[in-house]
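Being a predicted model, the structure only gives us computed values, none of them experimental.
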There are 2 protein chains.
Amino acid sequence: MKSPAELTELFRQQGLKITPQRVAIFQALHGSEVHPSAEAVYESVAVGMPSISLRTVYQTLNDLASMGELVALDLGTGAARFDPNTDPHHHVVCDRCGKVRDIYADFTDVRLPRSTKGELHGFRVSSTEIVFRGLCHSCQHPGPDE
Amino acid sequence: MKSPAELTELFRQQGLKITPQRVAIFQALHGSEVHPSAEAVYESVAVGMPSISLRTVYQTLNDLASMGELVALDLGTGAARFDPNTDPHHHVVCDRCGKVRDIYADFTDVRLPRSTKGELHGFRVSSTEIVFRGLCHSCQHPGPDE
DNA sequence: GATCAATCTGCAACCGTTGTCAATTGGAAA
DNA sequence: TTTCCAATTGACAACGGTTGCAGATTGATC
Ligand SMILES: [Mn+2]
Ligand SMILES: [Mn+2]
Ligand SMILES: [Zn+2]
Ligand SMILES: [Zn+2]
């Protein structure tokens, strides 16, 4: 995802208005590696802008996603996660708390294998997603009361 | 997943009742490779048992899943998909119609890479899922009206 | 067959997300 | 700067998938 300043410029070019809400969302996401849900973005932005609505957060996240500045991920944790990292990469997900970490690895040899008839099951594959699931550090060492 | 007869025996052993609804669901799933949603199982069973409720289908699918006889998959197609194939394998998913096919391939070299500090990002990984996404055969050649 | 806990059905409620629309607002034009 | 209007906002309803609930029904055991 581009910087808040670059996104501002991009939105302006597209004829979209630069609202304080949008700028706050740009800032909340920039450089973030936590893969927040829309709700998490909302809570983070709402600290400094209590009047913002969840609907506006969804709208802006969807706008960014359709511009390709953000990737919406469904990692099976209930809510969609938004990823400002648009480089090709994979993920580790904690089954207990939903924590997500980026995984950079060259899995170029992971390709859809051909059937015995030499074809790809009739599929034309456009992306390959690898998700590692397990427990994160803190969920492996649960405190007595959590 | 075991055969309907074996599942019947298994349920009996667990002290669970053998109801016509459960048997019909066992039969609908046995040998199936379509990865149906709960709704799809419901529609299939309801042909011969119109009075069955969707709630019962969910209940039985969840029971089978918690017994390990079935795997519940979240492949990002909206509804959960239920897989009677409990062997380790991967999937190809059609982005357009949601069709799912099993992929058997040895990706044992696909492992969570270690960080520069030599650790696995603090994670203890218990499973690795590979999902290939793209278009199935029929969705690559859409008819004029679909 | 009688008993009774397990199960079933129908419906309400839940969660994450999107549709709707009146009120508000950013920014181009004058 | 002021005007103007389309874009945006926020509140709330509605949606699809799933689960909670409660009363009616039924399978297993005797
Ligand atoms: Mn990521
Ligand atoms: Mn499968
Ligand atoms: Zn965790
Ligand atoms: Zn298809």
Nearest-nucleotide pick for B:T19, side chain only, options being C:dC8, D:dG10, D:dT19: C:dC8
Short side-chain N/O contact to C:dC8 OP1/OP2 from B:S51, under 4.0 Å: no
Separation of atom NZ in A:K17 from atom P in D:dA6, rounded to whole Å: 10 Å
Residues B:H35 and B:N85: side-chain donor-acceptor under 3.5 angstrom: no
B:M49 CE - C:dT7 C1' separation (whole Å): 13 Å
A:L61 CG to C:dT17 P, straight-line distance once rounded to whole Å: 10 Å
A:A79, nearest nucleotide to its side chain (from C:dG10, D:dA7, C:dT17): C:dT17
Polar pair under 3.5 Å, donor/acceptor by atom type, side chain B:R12, base D:dG27: no
Separation of atom CD1 in A:I52 from atom C1' in C:dT24, rounded to whole Å: 15 Å
Atom-to-atom span, CZ of A:R55 to C1' of C:dG19 - whole angstrom: 7 Å
Distance, rounded to the nearest Å, where A:Q14 contributes CD and C:dG27 contributes P: 15 Å
Derivation of the side-chain contact (heavy atoms from CB on, under 4.5 Å) call for B:K99 and B:C139: CA-CA 10 Å; B:K99 194 178 296 171; B:C139 289; over 6 Å; no
Along DNA chain D (nearest heavy atom to each residue), the more 5'-positioned of A:F11 and B:L16: A:F11
Between D:dT18 (C1') and B:R81 (CZ): distance, integer Å: 16 Å
Nearest listed nucleotide, side chain of B:A80, among D:dG10, C:dT17, D:dT18: D:dT18
Sugar-phosphate only, base, or nothing, as touched by A:Q59 at under 4.0 Å among non-hydrogen atoms: base
Interatomic distance, B:K2 atom NZ to B:T86 atom OG1 [nearest 0.5 angstrom]: 8.0 Å
Nearest to side-chain heavy atoms of B:T56, which nucleotide of C:dC8, D:dG20, D:dG27: C:dC8
side-chain N/O A:Q21 vs D:dT9 OP1/OP2, d < 4.0 Å: yes
Pairwise 5' ranking along DNA chain D for B:G78 and B:I18, keeping only the more 5' one: B:G78
Rounded distance (nearest 0.5 Å) linking atom CD of A:E129 with atom CZ of B:F132: 11.0 Å
Phosphate OP1/OP2 of C:dT17: any A:Y58 side-chain N/O under 4.0 Å: yes
A:F11 and A:F26 aromatic ring geometry - parallel, tilted or perpendicular at 30°/60° bounds: perpendicular
Atom pair distance, as rounded to whole Å: OH in B:Y42 and P in D:dG16: 16 Å
Heavy-atom donor-acceptor pair, A:R22 side-chain to C:dG26 base, under 3.5 Å: no
